[in-house]
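Whatever order the structure lists ligands and atoms in, that order sets their numbers, starting from 1.
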Amino acid sequence: MKAVVLERAHELSMRDIDLPMEVGDHDVKIAINTVGVCGSDVHYYTHGRIGDFVVRAPMVLGHEASGVVAETGAKVTTLKKGDRVCMEPGVPNPTSRASRIGMYNVDPDVRFWATPPIHGVLTPYVVHPEAYTFRMPDNVSFGEGAMVEPFAIGMQAAVKARITPGDVGAVIGAGTIGTMVALAALAGGCSKVLVADLAKPKLEIAARYKGIVPVDVNVESLSAAVGRATGGWGADVVFEASGSAKAFDDLFKTVRPGGCVVLVGLPVDPVPFNVTAAAAKEVRMETVFRYANVFDRALALIGSGKVDLKPLISDTYAFADSIAAFDRAASGRPSDVKLQIRVSNS
Ligand SMILES: [Zn+2]
(Lines give C-alpha, C1' and ligand atoms only; values in the text may rest on other atoms or scores of the structure.)
Protein backbone atom coordinates (compact mmCIF):
# COMPACT_ATOMS: atom_id res chain seq x y z
CA MET A 1 0.00 0.00 0.00
CA LYS A 2 1.26 3.52 -0.85
CA ALA A 3 2.22 5.57 2.18
CA VAL A 4 4.16 8.65 3.26
CA VAL A 5 7.21 7.04 4.84
CA LEU A 6 9.84 8.80 6.91
CA GLU A 7 12.93 6.76 6.01
CA ARG A 8 15.19 8.71 8.42
CA ALA A 9 15.59 12.36 9.44
CA HIS A 10 15.22 14.67 6.40
CA GLU A 11 14.17 11.82 4.08
CA LEU A 12 10.51 11.31 3.20
CA SER A 13 9.24 9.09 0.43
CA MET A 14 5.95 8.04 -1.11
CA ARG A 15 6.28 4.32 -1.58
CA ASP A 16 4.69 0.94 -1.08
CA ILE A 17 4.99 -0.54 2.38
CA ASP A 18 3.50 -3.60 4.06
CA LEU A 19 1.12 -2.63 6.86
CA PRO A 20 -0.98 -4.97 9.04
CA MET A 21 -4.52 -5.10 7.65
CA GLU A 22 -6.02 -7.93 9.68
CA VAL A 23 -9.39 -6.85 11.12
CA GLY A 24 -9.84 -8.26 14.63
CA ASP A 25 -13.25 -8.91 16.21
CA HIS A 26 -13.34 -5.47 17.84
CA ASP A 27 -11.62 -3.56 15.03
CA VAL A 28 -12.76 -1.55 12.06
CA LYS A 29 -10.94 -1.00 8.77
CA ILE A 30 -11.11 2.63 7.73
CA ALA A 31 -10.56 4.22 4.31
CA ILE A 32 -8.58 7.32 5.24
CA ASN A 33 -9.96 10.57 3.83
CA THR A 34 -8.03 13.46 5.42
CA VAL A 35 -4.87 13.64 7.54
CA GLY A 36 -3.53 16.77 9.23
CA VAL A 37 0.18 17.57 9.24
CA CYS A 38 1.18 17.94 12.90
CA GLY A 39 4.16 19.70 14.42
CA SER A 40 5.31 16.33 15.79
CA ASP A 41 5.29 14.73 12.29
CA VAL A 42 7.34 17.67 11.04
CA HIS A 43 9.73 17.41 13.98
CA TYR A 44 10.39 13.71 13.26
CA TYR A 45 11.02 14.73 9.64
CA THR A 46 13.47 17.52 10.49
CA HIS A 47 15.14 16.01 13.59
CA GLY A 48 14.46 12.25 13.48
CA ARG A 49 13.47 12.22 17.13
CA ILE A 50 11.35 13.84 19.84
CA GLY A 51 13.01 13.38 23.22
CA ASP A 52 13.46 9.66 23.81
CA PHE A 53 11.35 8.70 20.78
CA VAL A 54 13.85 8.09 17.99
CA VAL A 55 13.07 7.05 14.40
CA ARG A 56 15.22 3.92 13.99
CA ALA A 57 13.30 2.30 11.16
CA PRO A 58 11.12 3.62 8.31
CA MET A 59 7.84 4.91 9.76
CA VAL A 60 4.59 6.06 8.15
CA LEU A 61 3.71 9.60 9.34
CA GLY A 62 0.33 11.10 10.26
CA HIS A 63 -1.96 10.78 13.28
CA GLU A 64 -4.73 13.39 12.80
CA ALA A 65 -7.20 11.52 10.66
CA SER A 66 -10.75 11.08 9.46
CA GLY A 67 -12.23 8.59 7.04
CA VAL A 68 -14.98 6.11 6.21
CA VAL A 69 -15.54 2.68 7.74
CA ALA A 70 -14.82 0.09 5.04
CA GLU A 71 -15.13 -3.12 7.05
CA THR A 72 -16.12 -4.09 10.61
CA GLY A 73 -14.92 -6.89 12.85
CA ALA A 74 -17.32 -9.67 13.90
CA LYS A 75 -18.09 -8.17 17.33
CA VAL A 76 -18.32 -4.49 16.36
CA THR A 77 -21.72 -3.09 17.38
CA THR A 78 -21.49 0.73 17.28
CA LEU A 79 -20.15 1.29 13.76
CA LYS A 80 -21.08 0.07 10.29
CA LYS A 81 -19.66 0.19 6.80
CA GLY A 82 -20.00 3.68 5.32
CA ASP A 83 -19.93 5.56 8.65
CA ARG A 84 -17.91 8.77 8.53
CA VAL A 85 -15.48 8.67 11.45
CA CYS A 86 -12.46 10.23 13.07
CA MET A 87 -9.96 8.30 15.13
CA GLU A 88 -8.19 8.77 18.41
CA PRO A 89 -4.59 7.86 17.56
CA GLY A 90 -3.44 6.39 20.88
CA VAL A 91 -4.48 2.87 21.83
CA PRO A 92 -3.64 2.01 25.44
CA ASN A 93 -3.45 -1.35 27.08
CA PRO A 94 -6.91 -1.55 28.74
CA THR A 95 -5.60 -3.61 31.65
CA SER A 96 -2.71 -1.28 32.49
CA ARG A 97 -2.66 0.43 35.84
CA ALA A 98 -2.85 3.88 34.17
CA SER A 99 -5.89 2.82 32.13
CA ARG A 100 -7.60 1.44 35.20
CA ILE A 101 -7.39 4.83 36.95
CA GLY A 102 -8.78 6.58 33.86
CA MET A 103 -5.48 8.11 32.75
CA TYR A 104 -4.88 5.96 29.71
CA ASN A 105 -2.98 8.82 28.05
CA VAL A 106 -0.04 8.24 30.39
CA ASP A 107 -0.04 4.46 29.96
CA PRO A 108 3.61 3.64 29.16
CA ASP A 109 2.34 0.88 26.83
CA VAL A 110 0.13 3.19 24.72
CA ARG A 111 0.55 2.58 20.98
CA PHE A 112 0.30 6.00 19.34
CA TRP A 113 0.26 6.53 15.57
CA ALA A 114 3.46 7.98 14.12
CA THR A 115 5.35 7.75 17.38
CA PRO A 116 8.29 5.36 16.83
CA PRO A 117 8.04 2.46 16.26
CA ILE A 118 4.28 2.66 15.51
CA HIS A 119 3.22 3.52 11.94
CA GLY A 120 0.92 6.46 11.28
CA VAL A 121 -1.96 6.78 8.83
CA LEU A 122 -0.81 8.68 5.73
CA THR A 123 -1.90 5.71 3.67
CA PRO A 124 -5.23 4.66 2.14
CA TYR A 125 -6.38 2.21 4.84
CA VAL A 126 -5.88 1.61 8.55
CA VAL A 127 -7.22 -0.94 11.03
CA HIS A 128 -8.19 0.57 14.40
CA PRO A 129 -10.18 -0.49 17.49
CA GLU A 130 -13.90 0.37 17.47
CA ALA A 131 -13.44 1.88 20.94
CA TYR A 132 -11.17 4.63 19.60
CA THR A 133 -13.14 5.33 16.42
CA PHE A 134 -15.88 7.99 16.60
CA ARG A 135 -18.79 8.54 14.24
CA MET A 136 -18.94 12.15 13.09
CA PRO A 137 -22.16 14.19 13.02
CA ASP A 138 -23.31 14.77 9.39
CA ASN A 139 -22.44 18.47 9.55
CA VAL A 140 -18.82 17.82 10.50
CA SER A 141 -16.54 17.68 7.44
CA PHE A 142 -13.62 15.30 6.99
CA GLY A 143 -11.29 18.29 7.34
CA GLU A 144 -12.84 19.19 10.70
CA GLY A 145 -12.78 15.52 11.72
CA ALA A 146 -9.02 15.49 11.18
CA MET A 147 -8.81 18.57 13.44
CA VAL A 148 -10.39 16.79 16.42
CA GLU A 149 -7.00 15.38 17.45
CA PRO A 150 -5.24 18.72 17.97
CA PHE A 151 -8.45 20.20 19.43
CA ALA A 152 -8.53 17.33 21.94
CA ILE A 153 -5.31 18.71 23.46
CA GLY A 154 -7.08 22.04 24.00
CA MET A 155 -10.00 20.12 25.51
CA GLN A 156 -7.70 18.25 27.89
CA ALA A 157 -6.16 21.58 28.99
CA ALA A 158 -9.61 23.11 29.58
CA VAL A 159 -10.68 20.03 31.57
CA LYS A 160 -7.53 20.12 33.71
CA ALA A 161 -8.05 23.87 34.36
CA ARG A 162 -11.50 23.19 35.91
CA ILE A 163 -12.87 26.39 34.38
CA THR A 164 -15.73 28.15 36.19
CA PRO A 165 -18.25 30.02 33.97
CA GLY A 166 -17.09 33.59 33.45
CA ASP A 167 -13.41 32.93 34.09
CA VAL A 168 -10.85 35.10 32.35
CA GLY A 169 -8.31 32.93 30.55
CA ALA A 170 -4.88 33.73 29.17
CA VAL A 171 -2.87 31.67 26.68
CA ILE A 172 0.84 32.04 25.96
CA GLY A 173 1.40 31.14 22.31
CA ALA A 174 -0.94 31.58 19.33
CA GLY A 175 0.27 28.52 17.42
CA THR A 176 -2.04 25.67 16.51
CA ILE A 177 -2.15 24.32 20.04
CA GLY A 178 -2.47 27.75 21.70
CA THR A 179 -5.42 28.54 19.47
CA MET A 180 -7.02 25.15 20.19
CA VAL A 181 -6.59 25.77 23.91
CA ALA A 182 -8.18 29.22 23.65
CA LEU A 183 -11.20 27.84 21.74
CA ALA A 184 -11.65 25.00 24.23
CA ALA A 185 -11.38 27.45 27.15
CA LEU A 186 -14.09 29.64 25.59
CA ALA A 187 -16.29 26.60 24.96
CA GLY A 188 -15.63 25.56 28.56
CA GLY A 189 -17.04 28.81 29.94
CA CYS A 190 -14.34 31.48 29.85
CA SER A 191 -15.84 34.93 29.26
CA LYS A 192 -12.76 35.93 27.30
CA VAL A 193 -9.32 34.59 26.59
CA LEU A 194 -6.28 36.79 26.02
CA VAL A 195 -3.82 35.14 23.63
CA ALA A 196 -0.21 36.30 23.47
CA ASP A 197 2.37 35.82 20.73
CA LEU A 198 5.21 37.60 18.93
CA ALA A 199 3.92 36.68 15.46
CA LYS A 200 1.29 39.09 14.14
CA PRO A 201 -0.17 36.74 11.49
CA LYS A 202 -0.89 34.13 14.17
CA LEU A 203 -2.56 36.72 16.39
CA GLU A 204 -4.69 37.97 13.49
CA ILE A 205 -6.00 34.46 12.84
CA ALA A 206 -6.80 33.86 16.53
CA ALA A 207 -8.42 37.30 16.85
CA ARG A 208 -11.07 36.39 14.25
CA TYR A 209 -12.81 34.43 16.98
CA LYS A 210 -15.27 36.25 19.24
CA GLY A 211 -13.97 36.16 22.80
CA ILE A 212 -10.27 35.94 21.88
CA VAL A 213 -8.29 39.11 22.69
CA PRO A 214 -4.91 39.20 20.90
CA VAL A 215 -1.90 40.47 22.83
CA ASP A 216 1.14 41.44 20.77
CA VAL A 217 4.02 40.88 23.16
CA ASN A 218 6.26 43.10 21.01
CA VAL A 219 4.09 45.92 22.37
CA GLU A 220 2.90 44.79 25.80
CA SER A 221 3.52 41.82 28.09
CA LEU A 222 0.67 39.36 28.68
CA SER A 223 0.73 40.09 32.42
CA ALA A 224 0.28 43.83 31.72
CA ALA A 225 -2.59 43.20 29.29
CA VAL A 226 -4.28 40.81 31.72
CA GLY A 227 -3.76 43.31 34.55
CA ARG A 228 -5.55 45.99 32.51
CA ALA A 229 -8.38 43.59 31.67
CA THR A 230 -8.91 42.43 35.27
CA GLY A 231 -8.33 45.55 37.38
CA GLY A 232 -4.91 44.24 38.38
CA TRP A 233 -6.30 40.93 39.74
CA GLY A 234 -4.96 38.51 37.15
CA ALA A 235 -6.33 35.72 34.98
CA ASP A 236 -8.22 32.85 36.59
CA VAL A 237 -6.45 30.38 34.32
CA VAL A 238 -3.19 30.78 32.43
CA PHE A 239 -2.27 28.21 29.79
CA GLU A 240 1.37 27.95 28.74
CA ALA A 241 1.26 26.74 25.13
CA SER A 242 4.53 28.07 23.70
CA GLY A 243 7.02 25.62 25.18
CA SER A 244 9.39 28.57 25.61
CA ALA A 245 11.45 28.85 28.80
CA LYS A 246 11.02 32.62 28.68
CA ALA A 247 7.27 32.29 29.16
CA PHE A 248 7.81 31.17 32.75
CA ASP A 249 9.09 34.62 33.80
CA ASP A 250 5.68 36.23 33.23
CA LEU A 251 3.50 33.23 34.16
CA PHE A 252 3.00 33.90 37.86
CA LYS A 253 2.48 37.64 37.31
CA THR A 254 -0.32 36.81 34.88
CA VAL A 255 -2.31 34.39 37.08
CA ARG A 256 -4.55 35.67 39.89
CA PRO A 257 -4.08 34.64 43.54
CA GLY A 258 -5.42 31.10 43.87
CA GLY A 259 -5.61 30.74 40.11
CA CYS A 260 -4.48 27.88 37.92
CA VAL A 261 -1.55 27.49 35.54
CA VAL A 262 -1.82 24.73 32.95
CA LEU A 263 1.43 23.67 31.26
CA VAL A 264 0.63 22.50 27.74
CA GLY A 265 3.82 23.36 25.83
CA LEU A 266 6.75 20.97 26.15
CA PRO A 267 10.08 22.81 26.48
CA VAL A 268 13.01 20.91 24.98
CA ASP A 269 15.21 21.41 28.05
CA PRO A 270 14.38 21.56 31.79
CA VAL A 271 13.07 25.00 32.81
CA PRO A 272 13.74 26.70 36.17
CA PHE A 273 10.77 28.68 37.51
CA ASN A 274 10.05 30.99 40.42
CA VAL A 275 8.59 28.69 43.08
CA THR A 276 8.22 31.54 45.57
CA ALA A 277 6.15 33.61 43.15
CA ALA A 278 3.90 30.60 42.54
CA ALA A 279 3.61 29.80 46.25
CA ALA A 280 2.84 33.40 47.22
CA LYS A 281 -0.36 33.09 45.18
CA GLU A 282 -0.98 29.41 46.03
CA VAL A 283 -1.15 28.75 42.31
CA ARG A 284 -2.55 25.36 41.30
CA MET A 285 -0.42 23.84 38.56
CA GLU A 286 -1.57 21.24 36.06
CA THR A 287 0.13 19.45 33.20
CA VAL A 288 -1.23 17.98 29.99
CA PHE A 289 0.01 14.99 28.02
CA ARG A 290 -2.12 14.27 24.96
CA TYR A 291 -5.70 13.61 26.23
CA ALA A 292 -8.07 11.05 27.66
CA ASN A 293 -11.85 10.76 27.37
CA VAL A 294 -12.36 13.98 25.42
CA PHE A 295 -12.62 12.91 21.76
CA ASP A 296 -16.39 12.42 21.89
CA ARG A 297 -16.86 15.79 23.63
CA ALA A 298 -14.64 17.56 21.11
CA LEU A 299 -16.75 16.13 18.28
CA ALA A 300 -19.97 17.11 20.05
CA LEU A 301 -18.81 20.72 20.40
CA ILE A 302 -17.84 20.93 16.73
CA GLY A 303 -21.13 19.34 15.69
CA SER A 304 -23.09 21.80 17.85
CA GLY A 305 -21.54 24.76 16.03
CA LYS A 306 -20.04 26.14 19.24
CA VAL A 307 -16.53 25.51 17.95
CA ASP A 308 -15.67 26.24 14.31
CA LEU A 309 -12.26 24.89 13.33
CA LYS A 310 -12.69 25.38 9.56
CA PRO A 311 -10.95 28.81 9.48
CA LEU A 312 -7.82 27.14 10.88
CA ILE A 313 -7.35 24.83 7.87
CA SER A 314 -4.83 26.88 5.88
CA ASP A 315 -4.49 24.59 2.86
CA THR A 316 -5.24 21.05 1.70
CA TYR A 317 -2.83 19.02 -0.46
CA ALA A 318 -3.51 16.00 -2.65
CA PHE A 319 -2.03 12.71 -1.36
CA ALA A 320 0.46 12.69 -4.27
CA ASP A 321 1.77 16.08 -3.07
CA SER A 322 2.29 15.00 0.55
CA ILE A 323 6.02 15.69 0.59
CA ALA A 324 5.38 19.27 -0.59
CA ALA A 325 2.94 19.66 2.30
CA PHE A 326 5.61 18.53 4.77
CA ASP A 327 8.22 20.84 3.25
CA ARG A 328 5.81 23.77 3.54
CA ALA A 329 5.01 22.84 7.16
CA ALA A 330 8.74 22.58 7.92
CA SER A 331 9.27 26.08 6.49
CA GLY A 332 6.97 27.37 9.25
CA ARG A 333 5.02 30.13 7.49
CA PRO A 334 3.58 32.29 10.28
CA SER A 335 0.24 32.53 8.46
CA ASP A 336 -0.21 28.73 8.37
CA VAL A 337 -2.20 27.10 11.14
CA LYS A 338 -3.06 23.63 9.84
CA LEU A 339 -2.07 21.97 6.58
CA GLN A 340 -3.99 18.86 5.63
CA ILE A 341 -3.59 16.07 3.10
CA ARG A 342 -6.58 14.58 1.27
CA VAL A 343 -5.71 10.91 0.97
CA SER A 344 -8.92 9.94 -0.81
CA ASN A 345 -11.90 11.81 -2.20
CA SER A 346 -14.47 9.14 -1.42
ZN1 LIG B 1 -1.04 16.25 16.27
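For Glu149, the N/O/S atom at the shortest distance from the Zn ion (ligand 1) is named OE1. Taking the N/O/S atoms of His63 in turn, the shortest distance to the Zn ion (ligand 1) belongs to NE2.
At a cut-off of 3.5 Å, with distance as the only test, no side-chain donor of Ser96 or Asp109 sits close to an acceptor on the other residue. No side-chain N or O of Gln340 forms a donor-acceptor pair with one of Thr34 less than 3.5 Å apart.
Judged by distance alone, the side chain of Asp83 and the main-chain N or O of Val85 form no donor-acceptor pair under 3.5 Å. Judged by distance alone, the side chain of Arg84 and the main-chain N or O of Val140 form a donor-acceptor pair under 3.5 Å.
Taking 2.8 Å as the criterion, Glu64 counts as a coordinating residue of the Zn ion (ligand 1), since one of its N, O or S atoms falls below it.
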